[in-house]
There are 2 protein chains.
Amino acid sequence: MTTVLIVDDQPMQRFGFRMLLESQDDMTVAGEAANGAEAVRLVSELRPDVALMDIRMPGLDGIEATRRIVAAGDRTRVLILTTFDLDEYAYAGLRAGASGFLVKDAQPEELLAGIRAVASGDAVVAPSLTRRLLDAYAEKLPAPGETDALAQDARLAQLTDREREILTVIGQGWTNTEIAERFHLAESTVKTHVGRILAKTGSRDRVQAVILAYDTKLVKPS
Amino acid sequence: MTTVLIVDDQPMQRFGFRMLLESQDDMTVAGEAANGAEAVRLVSELRPDVALMDIRMPGLDGIEATRRIVAAGDRTRVLILTTFDLDEYAYAGLRAGASGFLVKDAQPEELLAGIRAVASGDAVVAPSLTRRLLDAYAEKLPAPGETDALAQDARLAQLTDREREILTVIGQGWTNTEIAERFHLAESTVKTHVGRILAKTGSRDRVQAVILAYDTKLVKPS
DNA sequence: GCGGTTCTAGTACCCCGGTACGACAGCCGC
DNA sequence: GCGGCTGTCGTACCGGGGTACTAGAACCGC
């Protein structure tokens with residue numbers, strides 16, 4: 001069962017969302033908030049799976065509320081909903097750590113699919129924005145040729161591709177739970193991988209693995 | 001009317017797609033191709049709106065075919081479809097200039113919505129991949145204000161000398177027990193310090209503290 | 001002297017991380 | 001075909017890490 005917190009300053013808008021969500025038998029509305037401050041408070045209190053977040057609200061807006069929710073380290077994923085797909089909003093929302101960004105005039109099915117995707121650790125972005133996201137991403141890609149000047153360390157060389165991939169995100173601070181969610185693996189699988197990484201690299205725990213990742217430039221300082 | 005070219009080496013797979021597409025009154029199948037070379041040829045000949053492209057095919061694969069179609073400057077958008085959401089495939093496909101990337105086990109509605117989005121110039125990406133895309137994108141973003149490096153220094157500045165000292169050895173991989181022994185402290189004291197360090201720096205656990213230590217150059221790669 | 005800060009220390013509790021098994025499916029090379 | 005490697009998943013267990021409190025001692029500045 002996916003629990004959802006509805007955040008919107010317009011009562012009728014909240015009502016509409018509530019009706020839609022309650023009509024689904026795998027979803028339930030954990031609560032409603034009319035502004036950002038209330039949203040932050042209710043998230044920490046109710047710990048919903050997903051916060052459906054409007055942007056324009058009196059007082060604390062949706063962006064800032066998202067930032068605080070993400071910063072608090074709660075497991076709640078934020079799905080931003082707004083009337084217009086203005087770039088600034090989207091970018092700001094994504095920077096704030098939102099897991100998704102959809103426009104309100106989306107089809108109900110799209111909205112529901114978005115909520116389910118976000119709840120399961122995936123992310124969703126309105127199609128109109130995805131294009132720009134891809135363009136920006138393409139620029140960031142290492143280049144058609146080869147994948148970077150891969151860190152050649154004897155310890156890293158023993159790792160399989162999968163293990164190196166996982167070590168990379170360990171180096172970015174991901175917990176086993178997060179790795180499992182975002183890679184769609186069981187936590188036990190992640191633990192197996194981590195155990196092998198530690199054994200192969202001679203690391204005592206993931207902290208030393210992180211240090212190794214930095215020292216070998218597998219992960220670079222941000 | 002959206003015209004679609006189906007590219008897949010498996011006849012049954014093509015048949016399935018054809019049935020699905022023909023059931024829609026705003027879509028029509030322009031043709032079918034069983035490999036990459038045929039796809040490139042048919043695109044230039046039929047000029048469909050969208051090419052539904054499988055990746056694994058004998059001869060010219062979907063990635064290379066996509067690259068050539070895009071390079072040819074045709075108006076045809078390529079939507080890549082594959083069985084598994086392997087990173088390499090996705091990255092390669094996006095680099096090649098595809099307008100979208102979906103997994104074959106997606107719901108038919110998702111697939112259709114994806115085709116319509118791509119045909120209208122938008123882009124679509126499978127939810128499972130969007131997450132990683134967002135993460136990568138977030139890294140690329142310049143950061144809210146001008147903060148970043150300075151902000152992290154600000155977080156370090158809040159620490160007392162003792163705390164900074166302890167954060168340094170945390171960054172070197174020491175456990176609480178080791179810190180207690182070598183600093184002649186009780187482990188409970190170390191835990192108190194660590195807890196305050198995490199709170200002040202906004203780190204979730206010592207792993208993130210290690211990352212912070214490296215990013216701020218408090219600890220330097222060996 | 002008194003309040004604020006820092007360092008120290010303790011207890012109690014819970015959860016995540018790591019280990020130690022075993023198991024199976026797919027793939028590749030011999 | 002068979003064995004080895006890889007990736008996946010499961011269960012069970014334990015210890016360290018982190019949190020939430022409280023609290024005393026030393027120091028400093030007003």
Side-chain angles (χ1 to χ4, degrees), chain A residues 44-45 47 71-76 120-121 156-213, chain B residues 55-56 82-89 103 105 128 156-213:
Chain A
S44 75
E45 182 183 326
R47 304 198 164 276
D74 288 322
R75 57 180 297 284
T76 301
S120 69
L156 288 191
Q158 307 172 33
L159 300 180
T160 65
D161 289 344
R162 190 58 154 171
E163 287 163 357
R164 202 171 297 112
E165 188 178 16
I166 290 181
L167 175 55
T168 303
V169 296
I170 289 178
Q172 285 163 5
W174 295 22
T175 64
N176 288 342
T177 309
E178 287 172 343
I179 297 173
E181 280 181 358
R182 302 186 194 176
F183 278 20
H184 296 110
L185 295 175
E187 189 170 348
S188 61
T189 303
V190 177
K191 285 188 172 186
T192 303
H193 284 308
V194 172
R196 278 203 271 261
I197 291 170
L198 298 184
K200 287 184 180 178
T201 59
S203 304
R204 176 175 51 195
D205 50 36
R206 72 199 294 113
V207 172
Q208 298 202 334
V210 169
I211 294 173
L212 175 68
Chain B
I55 288 193
R56 279 196 249 195
T82 191
T83 309
F84 305 102
D85 60 341
L86 296 177
D87 287 8
E88 314 87 81
Y89 287 169
V103 290
D105 64 359
S128 56
L156 284 192
Q158 304 171 28
L159 301 180
T160 64
D161 291 343
R162 189 60 154 170
E163 287 162 359
R164 201 172 298 112
E165 190 178 14
I166 290 181
L167 175 56
T168 304
V169 296
I170 289 178
Q172 285 162 5
W174 295 21
T175 64
N176 289 343
T177 309
E178 286 172 345
I179 297 174
E181 281 178 358
R182 302 185 196 176
F183 279 20
H184 299 108
L185 295 175
E187 188 170 347
S188 60
T189 303
V190 177
K191 284 190 172 185
T192 304
H193 282 310
V194 172
R196 277 202 271 262
I197 291 170
L198 298 184
K200 286 185 179 178
T201 59
S203 303
R204 177 175 52 195
D205 49 36
R206 72 197 295 114
V207 171
Q208 297 201 334
V210 169
I211 294 172
L212 176 68

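Quick caveat: nothing in here was measured; it's all calculated off a predicted structure. Sequence lines set the chain letters: A, B, ... in the order given, protein chains first and strands last, and positions in each chain run from 1.
In this structure, B/Asn176 reaches the D/dG17 phosphate: one of its side-chain N or O atoms is under 4.0 Å from OP1 or OP2. Contact annotation: A/Ser188 side-chain N/O to D/dC9 OP1/OP2 distance is not under 4.0 Å.
Rounded to whole angstrom, the span from the NE2 atom of B/His184 across to the P atom of C/dT8 amounts to 12 Å. D/dT19 atom P lies 15 Å from atom NE2 of B/His193, rounded to whole Å. Put simply, CG on A/Asp205 is 10 Å from P on D/dG18, counting in whole angstrom units. Distance CG (B/Leu198) to P (C/dC15): 18 Å, rounded to an integer number of Å. Put simply, CZ on A/Arg204 is 11 Å from P on D/dG16, counting in whole angstrom units. If you take CD of B/Gln208 and C1' of C/dG17, they are 15 Å apart, rounded to a whole angstrom. Atom-to-atom, CD of A/Glu178 to C1' of C/dG17 comes out at 14 Å; the value is rounded to the nearest Å. Computed from coordinates, the B/Glu163 CD to C/dT6 C1' distance equals 8 Å when rounded to whole Å.
Of the two residues contacting DNA chain C, namely A/Val207 and B/Glu187, the nearest-nucleotide position lying further toward the 5' end is that of B/Glu187. Comparing B/Arg206 and B/Thr192 by the nucleotide of DNA chain D whose heavy atom lies nearest to each, the residue mapping closer to the 5' end is B/Arg206.
For the pair A/Leu198 and A/Val194, the minimum side-chain heavy-atom distance is below 4.5 Å.
Sorted by first and then second residue, the side chain to side chain donor-acceptor pair (under 3.5 Å) pairs involving residues 187-200 of chain A (not counting sequence neighbours) are A/Glu163-A/Lys200.
Between the side chain of B/Arg182 and the backbone N or O of B/Trp174, no donor-acceptor pair lies under 3.5 Å. Between the side chain of B/Asp205 and the backbone N or O of B/Gln208, at least one donor-acceptor pair lies under 3.5 Å.
Smallest separation of non-hydrogen atoms from B/Gln172 and A/Ile211: C-CD1, 3.4 Å.
A donor-acceptor contact under 3.5 Å links the side chain of B/Arg196 to the base of C/dT8.
Among the heavy atoms of the strands lying under 4.0 Å from A/Thr160 are primed sugar atoms or P, OP1, OP2 only; no base atom is included.
Checking C/dT19, D/dT8, C/dA9 against every side-chain atom of A/Lys191, the shortest atom distance belongs to C/dT19.
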